[in-house]
Amino acid sequence: MSACCSGPCSSSAPPPDGRYRKVLWAALIINFAMFGVELAASLAAGSVSLLADSVDFLGDAANYGVSLFVLGMAVAWRSRAAYAKGVVMGLFGVLVLARALWFGLDGHLPHAQAMGAVGVLALAANGAVAAMLYAFRHGDANMRSVWLCTRNDMIGNLAVMLAALGVFGTRAGWPDIVVASIMACLGLWAARDVIRQARAELRAQAAADGMPAPAEGVQGSMPAPMPTTGKAPIAAPVQVVELRRR
């Protein structure tokens, strides 16, 4: 989820075609379905890393929805949408960190087998979405953030599977807490870069809009500047009137 979810973005790409819209719809449906699956699994297994991943799926579903809404709009609107998504991603990161702290203090042991099975399913879902979005990985902050968030989600899915192995091997809940905290920090880092890139695009657009071309005929009506020679100007002659005594 960084310049966008993590790497530089560009606004020079042409407007997306109809294929991109279809891919976004498919990605939205997959992510929303996986949000429900992982939310239920996280509650059943008592896993904070699964909860973090479910919130991530929900955030991605919302991101795809916003991307569909602004598709075809001006660059400034797409940048504003990317800015809003960056703020939401940051809030999700803070939420997951708080939940990881709560679970850590509680000392609950999650169910490792459920974590592993759902992690494999989530990896397959994100892999399918990433494969569909790969052709559209270059673009403005909005398009780039969609691709990079999906790519980073696959890393998160692998981390959940490692957490499941750690819980299974240690019979302790700390691997689950560590992975959830790392995923939250990744989300916060991505949010910062998405916001920074979107703000740069908005500043560039504002600078372009703030320099209108001069109106026709205005230049010709202005007086021409006086030529300069580099020497001090010669004072105009002053008529001296001599007063004679009568």
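In this chain, residues are counted from 1 in sequence order.
Between Phe57 and Asn126, some side-chain heavy-atom pair lies under the 4.5 Å cut-off. When side chains are defined from C-beta on, Tyr134 does not count as touching Val23, because their heavy atoms never get closer than 4.5 Å. Between Ile30 and Met132, the closest side-chain pair of non-hydrogen atoms falls below 4.5 Å.
Contacts classified as side chain to side chain donor-acceptor pair (under 3.5 Å) and involving residues 31-42 (residues at least two apart or in different chains) are not found.
Rounded to the nearest 0.5 Å, atoms CG (Leu202) and CD1 (Ile195) are 11.5 Å apart. Put simply, CG on Asn157 and CG on Asp53 are 4.5 Å apart, with the number rounded to the nearest 0.5 Å. Atom OG1 of residue Thr170 and atom CG of residue Leu109 lie 8.0 Å apart, to the nearest 0.5 angstrom. Expressed to the nearest 0.5 Å, how far CD1 of Ile29 lies from OH of Tyr64 amounts to 12.5 Å. Here CZ of Phe32 is found 7.0 Å from CG of Leu58. Values are rounded to the nearest 0.5 Å. Distance CG/Asp56 to CG/Leu50: 12.0 Å, rounded to 0.5 Å.
Val178 and Val167 fall into different hydrophobic clusters, where Ile, Leu, Val, Met, Phe, Trp and Tyr side chains are chained together by heavy-atom contacts under 4.5 Å. Cluster annotation: Met161 is not connected to Met115 through the hydrophobic network of ILVMFWY side chains, with a link wherever side-chain heavy atoms come within less than 4.5 Å. A continuous path of hydrophobic side-chain contacts links Ile177 to Trp102 [ILVMFWY only; heavy atoms under 4.5 Å]. A continuous path of Ile, Leu, Val, Met, Phe, Trp and Tyr side chains, each step under 4.5 Å between heavy atoms, connects Leu158 with Val120, placing both in one hydrophobic cluster. Cluster annotation: Ile182 is connected to Trp174 through the hydrophobic network of ILVMFWY side chains, with a link wherever side-chain heavy atoms come within less than 4.5 Å.
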What's the verdict on side-chain contact (heavy atoms from CB on, under 4.5 Å) for Leu97 and Leu188, showing C-alpha distance, side-chain angles and the deciding distance?
CA-CA 10 Å; Leu97 277 178; Leu188 290 172; 3.8 Å; yes

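Heavy-atom minimum distance, Phe35 versus Ser54: CD1-O, 3.1 Å. Counting all heavy atoms, side chain and backbone alike, Met34 lies closest to Ala122 at CE-CA, 3.7 Å.
Asp176 pairs by the side chain to side chain donor-acceptor pair (under 3.5 Å) definition with Ser47, Ser49, not counting sequence neighbours.
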